[in-house]
Amino acid sequence: MGFAIMCSGGDAAGMNPAIKRFVEYVDELGYQPWLIYDGLEGLIDDRIEKAKFSDISGIIHRGGTVIRTSRSKRFFEYEWRKVAYDNLMRKGINKLVVLGGDGSFRALNQFYHDFDIPFAGVPSTIDNDIYGTEYCLGVDTALNVIRTSIDEIRDTAYSFKRAFVVEVMGRDCGYLALISALTSGAEALLIPELDYDLVAMEERFRRQLHEGRGYFIAVVAEGVKKSHEMVELFERIGVESRLTVLGHIQRGGSPTVTDRLMAFEFTTAAVDALVAGHVNSVVVYRNGVYDYVTIEEINAQKYQIDPDLLALGAKLTR
Ligand code: F6P
């Protein structure tokens, strides 16, 4: 049996530890591990190599993915998927582990229905927006990058008595912003999941200024598209204000211990699922346990942030 691993969509810290575990575990079980370079594009273009131990040495601490990733338009077309299938068949690869988000799992599910190639998905996205799992690889590292950045911004905010609006990633999901605001002690938070009241917020800030507050930190999720409005709000109340869009630094960085350990467990469970005969499952983590769900289950609902966390964040939205 040939097992291959690939990444798809946005890279996430934890992918390299997952690749390392995959190669070691598949080899330990007596199967041939393969690496698919450049995601779905590489699958089509036959950039598929037998894994050697030298490929995975010295990668556990590296961010991103050493086998690279891509977003592929061609894979939407049957004829390109057929090319990908032929590539796998020529090499005797009949099981796939995919590190990616729900869009990637949907693509692989289509591939499974076309050609009967089983896959197991490992949720990997800093956005933490996949229904059915409490955790996706890369989230803890991204949160720590944001924490470090906000801690450093705080130094200059205090020194200049300024307000800083920090825009964080997450696509349409406010998880990164919510957790970052709570754990960085931000004064304000805007995320798609929570209603906000900028008039009430302005009043609160005016009051706090009057009581002697010197600087402010506001965390805004990219999905709400309100960063500039927040800057204007601070300017209105007479506080010089700057916008910092953290951008792609949030996707980089050495995987944290949590991401390395989760990568190990997720990947072990993914390989075990394929060995046990699962054909199109995604490994999920909930209530401390690794489990499997189908892509249909994931698609059926939208990811919801824990209501208790949202309730804590709601205090910062008005
Ligand atoms: O899905 C991960 C993510 O980093 C989002 O948070 C962000 O909106 C998007 O990818 C950025 O995409 P790109 O790397 O294509 O600019």
**Student:** Begin from the C-alpha positions of Val139 and Met262 and carry the test side chain to side chain contact (heavy atoms under 4.5 Å, CB included) through to its verdict.
**Tutor:** CA-CA 11 Å; Val139 172; Met262 297 295 288; over 6 Å; no

**Student:** I'd like to check the side-chain contact (heavy atoms from CB on, under 4.5 Å) partners of Phe264; sequence neighbours left out, ordered by chain and number.
**Tutor:**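 Once residues adjacent in sequence are excluded, the partners of Phe264 under the side-chain contact (heavy atoms from CB on, under 4.5 Å) criterion are Arg21, Thr268.
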
**Student:** By the rule that ILVMFWY residues connect when side-chain heavy atoms come within less than 4.5 angstrom, directly or transitively, which residues belong alongside Val289?
**Tutor:**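 When side chains under 4.5 Å apart are linked, Val289 ends up in no cluster with other residues.
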
**Student:** Counting N and O atoms only, with roles assigned by atom type, does the side chain of Arg81 sit under 3.5 Å from a partner on the main chain of Phe115, one being a donor and the other an acceptor?
**Tutor:**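 Pair absent, no side-chain N/O of Arg81 close to backbone of Phe115.
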
**Student:** Might you work through the side chain to side chain contact (heavy atoms under 4.5 Å, CB included) test for Leu310 and Ile191, ending with a clear yes or no?
**Tutor:** CA-CA 10 Å; Leu310 282 174; Ile191 57 173; 3.9 Å; yes

**Student:** Side chains of Asp259 and Thr141: donor-acceptor distance under 3.5 Å anywhere?
**Tutor:**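 Side-chain D/A pair, Asp259 to Thr141: present.
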
**Student:** How long is the span from the CG atom in Asp11 to the OG atom in Ser70, to the nearest 0.5 Å?
**Tutor:**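 If we round to the nearest 0.5 Å, Asp11:CG and Ser70:OG are 11.5 Å apart.
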
**Student:** With hydrophobic residues grouped by side-chain heavy-atom distances under 4.5 Å, do Leu137 and Val168 end up in a single group?
**Tutor:**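 Yes, it is one cluster - the side chains of Leu137 and Val168 are joined through contacts under 4.5 Å.
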
**Student:** Would you check, one step at a time, whether the test side chain to side chain contact (heavy atoms under 4.5 Å, CB included) holds for Ile36 with Leu96?
**Tutor:** CA-CA 10 Å; Ile36 300 172; Leu96 295 177; 3.9 Å; yes

**Student:** To the closest 0.5 Å, what do you measure between CD1 (Ile48) and CG (Leu35)?
**Tutor:**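 Reported value, rounded in 0.5 Å steps: 10.5 Å.
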
**Student:** Could you identify which residues cluster with Tyr196, counting Ile, Leu, Val, Met, Phe, Trp and Tyr as linked when any side-chain heavy atoms lie under 4.5 Å apart, either directly or through a chain of such contacts?
**Tutor:**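 ILVMFWY cluster around Tyr196 also holds Val165, Leu190, Leu198, Met201, Phe205, Leu209, Phe216, Val220, Val224, Met230, Val231, Leu233, Phe234, Ile237, Val239, Leu243, Val245.
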
**Student:** Check whether Glu235 reaches the backbone of Ser241 with its side chain - one donor and one acceptor, N or O, closer than 3.5 Å.
**Tutor:**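 The answer is yes, because a donor-acceptor pair under 3.5 Å joins these two groups.
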
**Student:** Quick check for you: to the nearest 0.5 Å, what is the distance between Asp38 atom CG and Ile44 atom CD1?
**Tutor:**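 It comes to 11.5 Å.
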
**Student:** With side chain to side chain contact (heavy atoms under 4.5 Å, CB included) as the test, would you mind laying out the steps for Arg171 and Leu176 before giving the verdict?
**Tutor:** CA-CA 10 Å; Arg171 218 177 275 274; Leu176 286 181; over 6 Å; no

**Student:** Report yes or no: do Ile67 and Leu88 belong to one cluster of Ile/Leu/Val/Met/Phe/Trp/Tyr joined by side chain heavy-atom distances under 4.5 Å?
**Tutor:**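 No, because Ile67 and Leu88 fall into different hydrophobic clusters, even though each may have its own neighbours under 4.5 Å.
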
**Student:** Distance check, rounded to the nearest 0.5 Å: Thr69 atom OG1 versus Met15 atom CE?
**Tutor:**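 Spacing of OG1 (Thr69) from CE (Met15) equals 5.5 Å.
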
**Student:** Picking from Arg207, Arg213, Lys315, what satisfies salt bridge (charged side-chain N to carboxylate O under 4.0 Å, His left out) with Glu187?
**Tutor:**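 That would be Arg213; it is the only one of Arg207, Arg213, Lys315 passing the salt bridge (charged side-chain N to carboxylate O under 4.0 Å, His left out) with Glu187.
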
**Student:** For Asp272 and Tyr25, does a side-chain donor sit closer than 3.5 Å to a side-chain acceptor?
**Tutor:**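 Yes.
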
**Student:** Could you check whether the rings of Tyr135 and Phe266 sit parallel, tilted or perpendicular, using 30° and 60° as the cut-offs?
**Tutor:**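 The rings of Tyr135 and Phe266 lie parallel, inter-plane angle below 30°.
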
**Student:** Please check if the distance between the ring centroids of Tyr290 and Tyr285 is under 6.0 Å.
**Tutor:**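 So the answer is yes for these two rings.
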
**Student:** Under a 4.0 Å N-O cut-off, is there an ion pair linking Lys82 with Asp86?
**Tutor:**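 Yes.
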
**Student:** Check the surroundings of atom NE2 in His228: do more than 12 heavy atoms from other residues, nucleotides or ligands lie under 6.0 Å from it?
**Tutor:**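 Result for NE2/His228: open.
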
**Student:** Taking the side chain as everything from C-beta on, heavy atoms only, tell me whether Leu189 gets closer than 4.5 Å to Leu182.
**Tutor:**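 The answer is no, as the side chains (C-beta and beyond) never meet within the 4.5 Å cut-off.
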
**Student:** Hydrogens and angles aside, do Arg147 and Asn144 bring a side-chain donor and acceptor to less than 3.5 Å of each other?
**Tutor:**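 Asn144 and Arg147 do have a side-chain donor-acceptor pair below 3.5 Å.
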
**Student:** Got a second to check how far Tyr78's OH is from Tyr85's OH, nearest 0.5 Å?
**Tutor:**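 Atom-to-atom, Tyr78:OH and Tyr85:OH are 9.0 Å apart.
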
**Student:** Do side-chain atoms of Glu193 reach the backbone of Cys173 as a donor and acceptor pair under 3.5 angstrom?
**Tutor:**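 It does not hold such a pair.
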
**Student:** Keeping Asn128 on the side-chain end and Cys136 on the backbone end, is there a donor-acceptor pair under 3.5 Å?
**Tutor:**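 Yes; judged by distance alone, with no hydrogens or angles, the pair exists.
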
**Student:** Judged by modelled atom types alone, do Arg260 and Ser254 share a side-chain donor-acceptor pair under 3.5 Å?
**Tutor:**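 Yes, Ser254 and Arg260 have a side-chain donor paired with an acceptor closer than 3.5 Å.
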
**Student:** Under 3.5 Å, is there a donor-acceptor pair between the side chain of Asp102 and the main chain of Ile130?
**Tutor:**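 Not a single qualifying donor-acceptor pair exists.
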
**Student:** Using a 3.5 Å distance criterion without hydrogens, assess whether the side chain of Thr125 forms a donor-acceptor pair with backbone atoms of Asp127.
**Tutor:**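 Indeed, once roles are kept as given, a pair shorter than 3.5 Å links the two residues.
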
**Student:** Quick check: is Ile5 connected to Val282 through a chain of hydrophobic side chains (ILVMFWY, heavy atoms under 4.5 Å apart)?
**Tutor:**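 As far as the 4.5 Å side-chain criterion goes, Ile5 and Val282 are not connected within one cluster.
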
**Student:** Let me confirm one number: the CD-OH distance from Glu134 to Tyr303, rounded to the nearest 0.5 Å.
**Tutor:**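 So the gap between those two atoms works out to 8.0 Å.
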
**Student:** Is Asp155 atom CG crowded by more than 12 heavy atoms from other residues, nucleotides or ligands, each under 6.0 Å away?
**Tutor:**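 Counting other residues, nucleotides and ligands, CG of Asp155 exceeds 12 neighbours.
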
**Student:** Could you name each residue pair satisfying ring pair (Phe, Tyr, Trp, His ring centres under 6.0 Å) that touches residues 31-71, not counting sequence neighbours?
**Tutor:**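 Qualifying pairs: Phe3-Tyr31.
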
**Student:** Are Met6 and Val97 joined in one hydrophobic group, where the rule is that I, L, V, M, F, W and Y side chains link up if heavy atoms are under 4.5 Å apart?
**Tutor:**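 No, Met6 and Val97 fall in different hydrophobic clusters.
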
**Student:** Go through the structure and list residues passing salt bridge (charged side-chain N to carboxylate O under 4.0 Å, His left out) with Lys225, not counting sequence neighbours.
**Tutor:**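 Scan of Lys225 (salt bridge (charged side-chain N to carboxylate O under 4.0 Å, His left out), adjacent residues dropped) gives none.
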
**Student:** Tell me whether Asp45 contacts the main-chain N or O of Arg47 through its side chain, where contact means a donor paired with an acceptor under 3.5 Å.
**Tutor:**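 No: the side chain of Asp45 does not pair with the backbone of Arg47.
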
**Student:** Give the minimum heavy-atom separation between Gly313 and Leu194, together with the two atoms involved.
**Tutor:**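 In this case the closest contact between Gly313 and Leu194 is C-CD1, 3.9 Å.
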
**Student:** List, by chain and then residue number, the residues other than Leu261 in its hydrophobic cluster (Ile/Leu/Val/Met/Phe/Trp/Tyr, side-chain heavy atoms under 4.5 Å); write none if there are no others.
**Tutor:**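 Cluster partners of Leu261: none, it stands alone.
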
**Student:** Has Asn16 got a side-chain atom pairing as donor or acceptor with Val66's backbone, closer than 3.5 angstrom?
**Tutor:**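 Checked: pair present.
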
**Student:** Using atom types as modelled and distance alone, determine if a side-chain donor or acceptor of Tyr292 lies under 3.5 Å from a backbone N or O of Ala269.
**Tutor:**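 Yes; at least one donor-acceptor contact below 3.5 Å.
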
**Student:** Quick one: do Glu202 and Arg206 make a salt bridge, cutoff under 4.0 Å?
**Tutor:**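 Yes, charged N to carboxylate O under 4.0 Å.
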
